[in-house]
Structure formats: C-alpha cells, structure tokens
Protein chains: 2
Amino acid sequence: MTQMNKRTRRVSSRASSIGARTRAGKRPATPRHAAACAGPLDSLLNPGLFRALCDPTRASLVACIAKCGRGCSVGEVAECCSVDLSVVSRHLAILADAGVLHVRKEGRTVFYAVCYSDLTKLLRELADAIDECRPDGSPDGGCCAPR
Amino acid sequence: MTQMNKRTRRVSSRASSIGARTRAGKRPATPRHAAACAGPLDSLLNPGLFRALCDPTRASLVACIAKCGRGCSVGEVAECCSVDLSVVSRHLAILADAGVLHVRKEGRTVFYAVCYSDLTKLLRELADAIDECRPDGSPDGGCCAPR
DNA sequence: CCAATACTTGCACGATGACGCAAATGAACA
DNA sequence: TGTTCATTTGCGTCATCGTGCAAGTATTGG
C-alpha cells in the first residue's frame, strides 16, 4: 500500500484519446524504447525502495540506525529527530515494509535494524543493471554525452 | 470540529515543550546515535535522488531512457508511458535536476540521457557506506539479526 | 488485578505532488 | 515574416503524505 496507481484515469485518458490529440499526433503503439529489452532494470528501479527513502525524516532515521550498527528501539531512534514518537513509529514501519529495516520484538520493546545485506545487494545490482545498459565504453550517455 | 487548529506550531511544540510532554519524557539533547559518527552516510542518503526516483512514472522513464542506451527526445520518451507529454517534460526536468539525467538541446529538440557514471558511482558509494556501518562481520543487523 | 511502560492507530489538517489541458516560448523553415 | 514543430509553463484539481495529538493495544511489574 505504499503508493499504488493514483489518478485512476491516467491510462485511459491518454491511451484512448488517440484521435483527440491537440498536441502531437503521437502513436501510443509499440514504444520501441521500452520494448528494446526487458532487463532487470525495471524490477530494480521499483519505486518502493526510493519511496521509502525519499522523505528527509526517514532518511535520517535510517542513517541513525545504520550508524548505530545495532538494533534500536523506537524510543531510542526518536531521540535522533524532532518529530513525535508516533511519527517515528510510523516511519519505521514504512521502512520495514520497504525492506530497508527489519523488526524484532522483545517484550514490549521493538527493535529496528538495517537490512545491511539486502540493501547493499540491491544497490549494487541496480548499479550493475544501469551499467549494463550503457552503450559500449561510452563515458556517459551515448549520443547525449555532455561532449 | 472535534479538535481544530492544533497545527501551526509543529516545530516549536516539539522543540520547546520539554516539560510538557504527555508521552515519554524524551530528552531532545544529545541523541547518541546520531552523534556516534558523522560518516558519509548522511550525505549519501540525501533524499534528493530518492525523491526523484520514487515516482512510478519517473522510474519508468529512467528505465526507458537507460535501456535505450542513447539520448532520447521528450516526445520519444513520452511514447513509453501513458501520461501527457507535458507531464513527461516535467518529470524529465525533475530527473535532470536531481542529477539522474542530463540534457542536451539540439535545435528545438531536447535530448535526455542517463548519467550512467554519476548514478552508478553514487549507488556503489552508498552501498559501501552502509557496509561501513555494519558491525564487524555480522550477517545482518547486529543484535537485531532475524535470528 | 491494576499501574506503568513501549509502541501503534485513529483522526484531522496543511502541504506537496502528479496530472491534464491550454497557452506560451523557442527554433527551424517556407 | 509567418507557420509549424518540440517543448515548457500556468493553472486548477484531486490524491497522497507527513505530522501532532489523543486514545488504544500489548507487555511487564507490583
């Protein structure tokens, strides 16, 4: 439930308004870029992870826990930032849901810790997948290279 | 209107209401986790990049351009997804602003291409920085390891 | 059993974001 | 110069998000 397709009209409004285009007479059929290859990039670029880390408060919570090196309780983490404890609780749940953190309950205390392996693995795989797309040994961006 | 204007104070209400805490008597002073080390994690976890990639449409645009391997015009990229061309234009600008893409103008056409080097470098540095925080050779998450 | 602790959930609210449409800008070409 | 093409910008709308407070739910300890 992180962020499903809001809008709801998006697709229909564009996919079916072929004859009604005021703008360019663009054809919605066979976008050759996307069809080129369905490599691992699509799944790795899944916005879920980024969605979790895009909030400044959440990012700082992750940094806080990561630097701590061990599991931290909600109250402990809440000392790191200036938002309400309930907000921290919510943020940590979101991060855990996205696979950034994992949870361990001990009595009435809840410990959150960084999923080091998963996270770094994902980041490196993403970097590899992007490299994979790179045209040959081009310095950057193929025909669009700054020079 | 059970409980109207409680907003508006947000920051002050938390930074200065030390003695008025209903919840935990949390002290805002010296959060020891954050103080532990100010490593590169903080800057690398800058939400800017994640903010740019957290939108599904933007993520698919990046994947589209990346897989294309070369620079793509706005109109070309717009064929990849079902949103209006103006929306694509806006998204691409956001991505370029975040350093994910770079721009090259040629006549009246604007080409966007992935900043391969910068992006992969950043991702790998982030992975390294996270690894750095990892306690010794622990499999994952120190005291919070799943088992 | 009751109280305290640690956290989560419900709720309302303001801010931000994504979107489509229409109009505007800028570059090439007649 | 005026027209066409490619893209950007203004604007209004609607959904989602982050937040604080209050109340609720476990869990521990007396």
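Chain A is the first sequence line, chain B the second, and so forth, proteins listed ahead of strands; every chain is numbered from 1.
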- Message: Assuming nearest nucleotide by heavy-atom distance, tell me which of B:G107 and B:H91 is located more 5' along DNA chain C.
- Response: B:H91

- Message: Using whole Å, what does the distance between atom C1' of nucleotide D:dC17 and atom CG of A:L53 come to?
- Response: 16 Å

- Message: Please tell me if A:T57 has a side-chain N or O lying less than 4.0 Å from either OP1 or OP2 of D:dT19.
- Response: yes

- Task: Answer with yes or no whether A:T109 presents, from its side chain, a donor or acceptor under 3.5 Å of a partner atom in the base of C:dC7.
- Result: no

- In whole Å, what is the span from the CD atom of B:E79 to the P atom of D:dT7? 11 Å

- Message: Nearest to the side chain of A:Y112, heavy atoms from C-beta on, is which of D:dG10, C:dT8, D:dT8?
- Response: C:dT8

- So, does B:R51 use its side chain to make a donor-acceptor pair with the main chain of A:P56 at under 3.5 Å? no

- Item | A:K67 side, atom NZ; B:L41 side, atom CG - distance, nearest 0.5 Å | 7.0 Å

- Nearest-nucleotide check on DNA chain D, A:E106 vs B:L92; residue mapping nearer the 5' end is B:L92

- Task: Look at the SG atom of A:C64 and the SG atom of A:C72, then say if they are under 2.5 Å from each other.
- Result: no

- Roughly how many Å is it from CG in A:D97 to P in C:dT8, rounded to a whole number? 13 Å

- Note on the structure: Between B:E125 and B:L44, the two heavy atoms sitting closest are O-CD1, 3.5 Å

- Grab the CD-C1' distance between A:E76 and C:dC7 for me, whole Å please. 14 Å

- Side chain A:R51 and base C:dG17 donor-acceptor under 3.5 Å: no

- Message: If I take atom NZ in residue B:K105 and atom C1' in nucleotide D:dT7, what distance separates them, rounded to the nearest angstrom?
- Response: 8 Å

- Message: On the nucleotide C:dT8, are OP1 or OP2 found under 4.0 Å from the side-chain N or O atoms that A:R108 carries?
- Response: no

- Polar side-chain contact A:R58-D:dG18 base: donor and acceptor under 3.5 Å: no

- Item | Spacing between A:L85 atom CG and D:dA22 atom C1', to the nearest angstrom | 14 Å

- Query: Going by modelled atom types, is there a donor-acceptor pair between the base of D:dC21 and the side chain of A:S86 at under 3.5 Å?
  - Reply: yes

- Note on the structure: Nearest-nucleotide check on DNA chain D, B:S73 vs A:R90; residue mapping nearer the 5' end is B:S73

- Message: From CG of B:D55 over to C1' of D:dT16, roughly how many Å is that when rounded to an integer?
- Response: 12 Å

- Query: Hey, does A:V87 reach any base, or is it just sugar-phosphate, or nothing, if we go heavy atoms under 4.0 Å?
  - Reply: base

- Message: From CZ of A:F111 over to P of D:dT27, roughly how many Å is that when rounded to an integer?
- Response: 15 Å

- Message: Tell me every residue that passes side-chain hydrogen bond (donor to acceptor under 3.5 Å, both in side chains) with A:E132, counting only those two or more places apart in sequence or in another chain.
- Response: none

- Taking D:dG18, C:dC19, C:dT9 as options, the one with an atom nearest any side-chain atom of A:S89 is C:dT9

